[in-house]
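Below is one structure, written out as structure tokens, with a few remarks after it.
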Amino acid sequence: MRYWLMKSEPSDVSIDDLVSMPDQSVAWYGIRNYQARNFMRDQMQVGDKVLFYHSSCAEPGIAGLAEVSRLAYPDETQFDTGNKYFDPKATRETPRWMNVDVRLVRKTRLMPLREIRATPKLANMRILQKGNRLSITPVDPREYATILSVL
DNA sequence: GCCAACGTTGGC
DNA sequence: GCCAACGTTGGC
């Protein structure tokens with residue numbers, strides 16, 4: 001069992017959007033970074049725990065708990081010519097991009113990035129490192145437990 | 001809107 | 001295979 005932090009722009013999919021989805025589950029489409037894709041494709045298992053993080057917004061931070069509900073499969077948006085995530089180099093035979101599905105566990109209070117940064121036990125988290133832009137990052141089990149205890 | 005940091009692209 | 005140019009991310 002692994003732990004992850006996954007960023008979503010709330011203007012795209014927010015925690016409240018997830019709450020109101022059928023099955024409270026969403027395809028984590030649109031990842032176009034190989035490292036993030038590889039995490040989903042090679043490491044994520046059903047039941048892995050996910051911190052649902054709001055990025056690029058007024059109050060960035062952890063907004064809820066979720067879990068992986070489906071193993072990685074080809075991201076549909078890569079094939080869709082009208083979609084902003086369309087990839088002309090991807091084909092059905094040789095897809096380039098994959099996504100898992102993620103299901104809500106529960107919405108939590110917002111734990112702001114400020115607070116994460118101010119928590120000594122969380123100082124090594126990847127999202128706090130300078131220049132980090134990766135939208136999916138592994139989380140240490142102890143870090144996950146620390147966060148869970150204050151949500 | 002700014003800008004630092006980083007990933008990707010493509011010419012050579 | 002190098003690396004400059006470009007595009008994107010994401011906090012502020």
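Lettering follows sequence order; numbering is per chain, from 1. Quantities reported herein were computed from a predicted structural model and do not represent experimental measurements.
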### Query
Is L110(A) isolated, or which residues cluster with it under the ILVMFWY side-chain rule of less than 4.5 Å, directly or via members?
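Members besides L110(A): none; it forms no cluster.
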What integer distance in Å separates [X]:[atom1] from [N]:[atom2]?
X       : N       : atom1 : atom2 : result
I116(A) : dG10(C) : CD1   : P     : 14 Å
I136(A) : dC6(B)  : CD1   : C1'   : 17 Å
N33(A)  : dA5(B)  : CG    : P     : 18 Å
N132(A) : dG11(C) : CG    : P     : 9 Å
D87(A)  : dT9(B)  : CG    : P     : 9 Å

Among [options], which is the nearest nucleotide to the side chain of [X]?
X       : options                  : result
R117(A) : dT8(B), dG11(C), dG10(B) : dG11(C)
Y34(A)  : dG7(B), dT8(B), dG10(C)  : dT8(B)
K130(A) : dG10(B), dA5(B), dG10(C) : dA5(B)

### Query
Mapping K89(A) and Q35(A) onto DNA chain B by nearest heavy atom, which one lands closer to the 5' end?
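Its nearest nucleotide being more 5', the pick is Q35(A).
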### Query
Side chains of T94(A) and T91(A): donor-acceptor distance under 3.5 Å anywhere?
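Yes, T91(A) and T94(A) have a side-chain donor paired with an acceptor closer than 3.5 Å.
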### Query
Is a side-chain donor-acceptor pair under 3.5 Å present for Y34(A) with R41(A)?
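Side chains of R41(A) and Y34(A): no pair found under 3.5 Å.
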### Task
May I ask you to verify whether the side chain of R133(A) and the base of dT8(C) hold a donor-acceptor pair under 3.5 Å?
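Side chain to base: pair found, below 3.5 Å.
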### Near-ring test W97(A)/Y73(A), centroid separation under 6.0 angstrom
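When the ring centroids of Y73(A) and W97(A) are compared, they turn out to be at least 6.0 Å apart.
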### Task
Mind running ring-ring contact (aromatic ring centres under 6.0 Å, His included) on F52(A) and W4(A) for me, showing each step along the way?
CA-CA 9 Å; F52(A) 190 106; W4(A) 307 94; over 10 Å; no
### Query
Which residues within residues 48-59 of chain A lie with some heavy atom under 4.0 Å of an atom in DNA chain C?
Y53(A), S55(A), S56(A)
### Task
Report which part of the nucleic acid R114(A) touches: base, sugar-phosphate, or nothing (heavy-atom distance under 4.0 Å, all strands).
nothing
#### Entry: Residues, nucleotides or ligands: over 12 heavy atoms within 6.0 Å of R109(A) CZ
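Enclosed: over 12 neighbouring heavy atoms sit under 6.0 Å from CZ of R109(A).
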### Query
Should I15(A) and V105(A) be regarded as members of a common hydrophobic cluster, given that ILVMFWY residues are connected when their side-chain heavy atoms come within less than 4.5 Å of each other, either directly or indirectly?
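No.
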